[in-house]
Asker: 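Take a look at this one; I'll ask things after.
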Amino acid sequence: MASQQEEGDLPQGFVRLRDVLDQKFVPGHIVNVIGSIIDTQALFKTSKDWKTTWSLMDWSVEDECYGVKLNIFRPRETDIPQIAYQDVVVVHRVKVQRYGGNMSFITNHQTTIRVYESSKIPRPPESASVALRPCTKKDERPELTEEIHHFVAAFYHKLDKTNAPSEEVFRQAARQSANVKDKFSLLQDVQAERFYDLIVRVVRAPHFDFDNKATLYVSDYTENPAFHDHIPENLDASQDGDVYGYTWEEPAPVAERWIAPEGKKSLQVTCWEPHSRALQEDVKLGSWIGLKNVQIRLGHDYKYLEGFVREDRTYPNRINVYPLNLDDRENMDDRLTAALRRQQAADKEKKKVIKDIKSAQVAGQKRKASQVQAIEDQPALKAKQRRAENRAKKKEEKARQNVVSAAPVAPSTKSDPPKQNPTQDVTLAGNRQIFCEKSNVGLTTIESMLEPSFMKIKIDADTVEVQVPFVNKKYLTFVRVVDFSPSCIEDFAVSRKITQYQDLSDSENSNGSSLDEDESSGGDNDPTVKRAWEWRFSLLLEDALPADGSSPARVWVTVNNGAGQCLTNLDADDLRKNRKCRYQLQDIMHILWGNLEEVKAANGEKQQASKQEVNSKPGSRGSNGNRTQMPDLDSDEEKEEASGRGKESSSRLNEIRLVSKPFTCPIKQYGVRTGKKDEWMRVFAMDGVRIKDV
DNA sequence: GGTTACGGT
């Protein structure tokens, strides 16, 4: 009951520190307090004010060694009183706050502070007024009554200071606090095995596990090469009003949603108690937060840096996660302002890319209309001649592909002049490890590419538009790979006996049927017969940017040996025998199609597709009715089937989400004979794409 | 604020 009596001893209107710690006053409450200073932090300049912190002790908290913190902010350095060890302060009208998980005081304009120099405080019943230090702040009116002077003398000499730090410790602590090591860092500068204070945005909401540990992703819109490369999914031009920018065909649940900027700009952070509690209360997707003393280390896989906010062993109550207020732009921390600017710039850039993609789509439509006229110059009946030219071109290309890598479309350095070509911006939005040949062809979509081919024919004075089986034409598309064939990667290369087919005849070369894919034809297991290996596979491509509301159009494109060499930078070989080549292929294709293999495996496509690949000769259809290589003559059917299959496929693929970066892809349309006299079908082939394994 | 960092995918 001693404390009751002590409470009674406090001058009128003053509160016990214990009651503040016990949260008897809500944050924001204004109180008067008296305490002895047991700890101090050196004065320093904030972005606006001078700041110091004192720790106060009174009878009610004398059995503890920490006291209650008083945070003093004042515009001038001289406004802050000088103090010495264990000086007694009388503080009027100070605000109670909760900061870093602890209760403390913060000054405001009304707050007055008076200090009694401890070494001069006389023993009671004398008045302590003789120990009063001069008023530092000019407008500070002394409000000290005789009652207070007498109380201070009694208070100081009665206070049990055995738990308070010694004068030596006090001095040491004060000195240490002077060498303020600013641990703030941008994410771009953090290194493993160090501790940092961060100002970041939550780009993936915290996920809490059973022991309340939280995992979240944060970004300050700076890039660190040691971070995981974030791939935004399905950048969608139809969603440019979306505040999150990157959206999904079907909105992901909030818990899984990312609003991370593209690239190596996001850090995974794990927070333990008590920090995780602060996340639970105040932090959502998109929040800006301060993180203090984040330990940076390599993650479990030793590949990427991660952050850890662990319990402070010396101060287990300390919380190093705090929400940042964006409303008061005037008094905002400069570092937060800068981070917000970076976010804004990133958002703007993203919008620009989306806009450019949209206008490229529109331009593609217009171009398509004008190209119909250009076809006039290609007489329809000179197909044979065109084929010959085509073959020559292909040979040329093959030769070139073997020597020269495809030129990147994306600007290689930041110092490049600003580019107007929309495809370049598109490339920025897509997979930066995939490059394609420079092209003077504008960007178009699979959707419009699949539209029937027409050409204009002059009959006397009239021009008639005639639908034709195919045109020779190049396209540039922005796509992702959603399926491949054959389903076994080992079958991406096929062989032929060298002796038998050394000189490929025109007809064999043009429709690709020269390749011996039949085991029973002999020679495959005959070691004396040399076999040449060639790439031959197909990829199902899907528009990465479907028009508003529509499901993306898809098309199977073939990849011939030259295109395969260019794409993978590998020479074809027997992938069942040459395991190294097989793994290299798998690694490189992973860059192109992301987790497509896993998606296919998980969705049981393997069994279905292994049958289909047996028949996968150009123009044939797999047993499941899918076109594995060549589209039909009837383009209406082709389009219908392509989109129909798309739906079916995407619902199957839903079990695991396909994660891959879209890329800019040149595609060629040309024609091949069906085998029937004068019958042609159109074929799409990927060409001039290079995956860079960096 | 100085130090210093486990604990779990």
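In what follows, chains are A, B, ... by sequence order, proteins preceding strands, each numbered from 1.
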Asker: What integer distance in Å separates A/F44:CZ from B/dG1:P?
Answerer: 5 Å
Asker: Counting only side-chain heavy atoms from C-beta out, which of B/dG8, B/dT3, B/dC6 sits nearest to A/K213?
Answerer: B/dG8
Asker: Describe the nucleic acid contact of A/T53 in one word from base, sugar-phosphate, nothing, applying a heavy-atom distance below 4.0 Å.
Answerer: nothing
Asker: Side chain of A/Q295 only, heavy atoms from C-beta on: which candidate in B/dG1, B/dG8, B/dC6 is closest?
Answerer: B/dC6
Asker: Would you name the heavy atoms of A/W593 and A/I489 that are closest together and state the gap between them?
Answerer: CZ2-CD1, 3.7 Å
Asker: Ignoring the backbone of A/K292, work out which of B/dG1, B/dG2, B/dG8 is nearest its side chain.
Answerer: B/dG1
Asker: A/E311 CD to B/dG8 P: how many Å, rounded?
Answerer: 14 Å
Asker: Using whole Å, report how far CG of A/L216 lies from C1' of B/dT9.
Answerer: 15 Å
Asker: Strictly below 4.0 Å: does A/R297 bring a side-chain N or O up to OP1 or OP2 of B/dC6?
Answerer: yes
Asker: Compare the minimum distances between each of B/dG1, B/dT9, B/dT3 and the side chain of A/K183, then state the nucleotide with the smallest one.
Answerer: B/dT3
Asker: Can the ring centres of A/W258 and A/Y217 be said to be less than 6.0 Å apart?
Answerer: yes
Asker: Using a cut-off of 6.0 Å, state whether more than 12 heavy atoms not belonging to A/K284 lie near its atom NZ.
Answerer: no
Asker: Measuring from the side chain of A/K69 (C-beta onward, heavy atoms only), which nucleotide among B/dG1, B/dG8, B/dC6 has the closest atom?
Answerer: B/dG1
Asker: Which nucleotide in the set B/dG8, B/dT3, B/dC6 lies at the smallest distance from any side-chain heavy atom of A/W272?
Answerer: B/dG8
Asker: Would you mind reading off the distance between A/L70 atom CG and B/dG1 atom C1', rounded to a whole angstrom?
Answerer: 16 Å
Asker: Cationic tip of A/K69 within the cone over A/W54's six-membered ring, i.e. under 6.0 Å and within 45° of the normal?
Answerer: no
Asker: Describe the nucleic acid contact of A/T215 in one word from base, sugar-phosphate, nothing, applying a heavy-atom distance below 4.0 Å.
Answerer: nothing
Asker: Would A/W59 and A/F155 count as a close aromatic pair, with their ring centres under 6.0 Å?
Answerer: yes
Asker: As a test of reading the structure: which of B/dC6, B/dT3, B/dT9 is closest to the side chain of A/R310, going by heavy atoms?
Answerer: B/dC6
Asker: Whole angstroms only, please: what is the OH-C1' distance between A/Y304 and B/dT9?
Answerer: 15 Å
